[in-house]
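Residue numbers run from 1 in the order of the sequence given.
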Amino acid sequence: MGTNSTPKPDTKGLLRGRFSEATDKFVEAFTASVSFDQRLYAHDIRASITHARMLNKIDVLTDDELNSICLGLQQILEEIEAHTFNWQVELEDVHMNIESRLIEIIGDTGKKLHTGRSRNDQVATDIRLFLRDAIDTIIASENKLLHALTDLAEEHTHTIMPGFTHLQAAQPITFGHHLMAWFEMLLRDRGRLEDCRKRLNQLPLGAAALAGTPYLPDRGFMAQELGFDGICENSLDAVSDRDFAIEFCATAALTLTHFSRWCEELVLWSSQQFSFVELPDRFCTGSSIMPQKKNPDVPELIRGKTGRINGHLVALLTLMKGQPLAYNKDNQEDKEPLFDAVDTLQDCITALVGLIPNIAPNKQAMLDATLKGYTTATDLADYLVRKNVPFRDAHELVGQAVQRACASNKPLEALSLQELNGEHSSVIENDVYQVLSVQGSAAARNHPGGTAPTQVKKAIDNARRKI
Ligand code: ARG
């Protein structure tokens with residue numbers, strides 16, 4: 001390497017041929033992105049190797065030049081990973097840092113790498129490669145979480161708890177059914193990520209600065225080498241499209257919105273007032289003043305992180321809304337929100353993968369709350385309907401029975417037939433007590449999508465096939 005005798009290039013002035021003064025120091029720092037876009041190094045190097053191979057294929061680079069560029073880039077990759085690479089803010093971004101180091105290592109041949117390419121199509125390619133990898137990792141973690149949900153749900157196909165509307169106990173459901181509702185949300189989120197991946201998987205390279213390049217790049221070759229499904233069809237769009245980053249953040253925001261709802265439930269359920277679940281100690285923290293406290297910090301923090309991701313989505317939408325075609329420096333602002341959205345989403349999934357299998361439901365407390373909440377009142381109304389009472393009248397009669405139960409501070413099933421019927425009716429007979437049991441109520445909803453234990457078991461089996 002470094003076989004020719006070209007003098008070391010003045011790397012600090014790599015782009016300043018047409019200027020008569022050096023960049024202002026503040027402007028240099030203000031416009032630089034290397035502090036955060038160095039995260040793209042591996043994807044940048046991978047795309048550069050492919051670009052160089054393509055240049056060789058169309059006879060712009062000789063075999064020797066290609067070889068030397070590839071070895072140089074490989075060395076840079078190793079330097080970066082060994083933390084011996086000297087990142088320089090004067091070189092603005094990851095692309096210029098790597099290119100200038102290449103020239104330093106292999107000499108003039110390094111200066112040929114950027115032929116027929118611009119940082120505009122380069123960075124667009126790098127971010128797509130980065131995000132594609134990130135999505136694959138996130139989907140793998142989501143799959144773990146989907147498995148954790150089905151496993152826990154399977155243990156609790158018969159565990160009765162109150163289902164809520166308006167946070168008031170409404171009807172008996174099973175804990176397994178509730179967990180499978182979470183599963184459905186996450187399965188849709190995974191689908192949205194897969195969708196986003198499909199649309200982002202097009203190659204920008206070859207668009208160069210904005211109009212394409214007279215070297216007639218073999219874009220199909222590069223697309224194939226880099227695992228893209230095809231090329232971005234329009235060069236202007238190729239360098240300026242950031243839809244994929246917005247789509248990712250939108251998906252992340254919705255996923256976090258779901259997580260936030262789950263976590264809100266965990267916070268409520270683990271409170272002393274509910275006591276439905278016990279969270280593992282290792283996922284909770286204490287209070288600095290109140291010795292008795294066990295705070296559900298992890299679910300609270302996940303709930304809180306939602307705001308941060310929503311912010312990134314709005315930041316990206318706002319970033320793009322005023323931009324004329326094609327590339328504008330504004331686009332450099334896409335990275336920090338996107339990177340943080342990736343990290344935050346990944347961290348929240350990791351936390352939930354650790355937490356979900358270890359939440360310990362308190363079956364008795366769940367059952368007591370179900371019994372206390374008159375949750376089989378609808379079953380009583382349905383019972384009356386089966387005895388030919390029109391539903392609206394049944395609703396009224398049951399309402400009165402609930403009022404009597406409240407007044408005597410008893411659950412519905414503790415009322416006598418006389419108390420249940422009230423003064424003017426005798427429709428309710430002895431067979432009602434079966435209907436009033438919370439287990440019977442859940443088991444009666446025995447249809448696809450219903451809460452009956454047999455249905456939940458089927459739902460789990462179907463769900464497992466979809467992971
Ligand atoms: N650091 C820049 C970015 O992230 C790379 C592209 C620079 N292109 C340009 N024409 N200045 O967007």
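Salt bridge present: D241 and R128 bring a charged side-chain N and a carboxylate O closer than 4.0 Å.
Here the NZ atom belonging to K321 is positioned 14.5 Å from the CG atom belonging to L316, to the nearest 0.5 angstrom.
Closest non-hydrogen pair, V456 versus G176, comes out as CG1-C, 3.8 Å. Across all non-hydrogen atoms, the minimal contact from S260 to R303 is OG-CG, 3.0 Å. Considering every non-hydrogen atom in both L345 and L256, the closest pair reads CD1-CD2, 3.5 Å.
Counting heavy atoms from C-beta outward, D343 and Q346 have side chains that stay 4.5 Å or more apart. Put simply, the side chain of L186 does not reach to within 4.5 Å of the side chain of H258, judged on heavy atoms. Inter-residue side-chain proximity for I45 and L77 is flagged as met; some heavy-atom pair is nearer than 4.5 Å.
Between the side chain of T109 and the backbone N or O of I106, no donor-acceptor pair lies under 3.5 Å. Put simply, the side chain of K294 never gets that close to the backbone of P280: no donor and acceptor are under 3.5 Å apart. For the pair N97 (side chain) and Q88 (backbone), a donor-acceptor distance under 3.5 Å is present. The closest donor-acceptor contact from the side chain of D121 to the backbone of R117 lies at 3.5 Å or more, if one exists at all.
The number of heavy atoms from other shown groups lying within 6.0 Å of CD (E194) is above 12. More than 12 heavy atoms of other residues, nucleotides or ligands lie within 6.0 Å of NZ in K335, so this atom counts as buried by the packing criterion. Atom NZ of K329 has more than 12 heavy atoms from other residues, nucleotides or ligands within 6.0 Å.
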Mind running salt bridge (Lys or Arg N to Asp or Glu O under 4.0 Å) on E79 and R101 for me, showing each step along the way?
-> CA-CA 10 Å; E79 288 176 2; R101 176 70 183 135; 2.7 Å; yes

Might you work through the salt bridge (Lys or Arg N to Asp or Glu O under 4.0 Å) test for K111 and D108, ending with a clear yes or no?
-> CA-CA 5 Å; K111 295 180 182 169; D108 276 356; 3.2 Å; yes

Under the side chain to side chain contact (heavy atoms under 4.5 Å, CB included) criterion, do N56 and T62 qualify, and how do the steps go?
-> CA-CA 6 Å; N56 171 252; T62 65; 5.5 Å; no

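Between F276 and F175, the ring centre distance reaches or exceeds 6.0 Å. Remark: aromatic rings of H178 and W262 are distant, center separation not under 6.0 Å.
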Could you give the side-chain donor-acceptor pairs of residues 212-220 under 3.5 Å, partners two or more places apart or in another chain?
unit_1	atom_1	unit_2	atom_2	d
T213	OG1	Y215	N	3.2
D218	OD1	G220	N	3.4
D218	OD1	F221	N	3.0
D218	OD2	K57	NZ	2.7
R219	NE	L205	O	2.8
R219	NH1	C232	O	3.0
R219	NH2	L203	O	2.9
R219	NH2	P204	O	3.3
R219	NH2	L205	O	3.4
R219	NH2	C232	O	3.2

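Using modelled atom types, one finds no donor on one side chain facing an acceptor on the other under 3.5 Å when comparing Q332 with D93.
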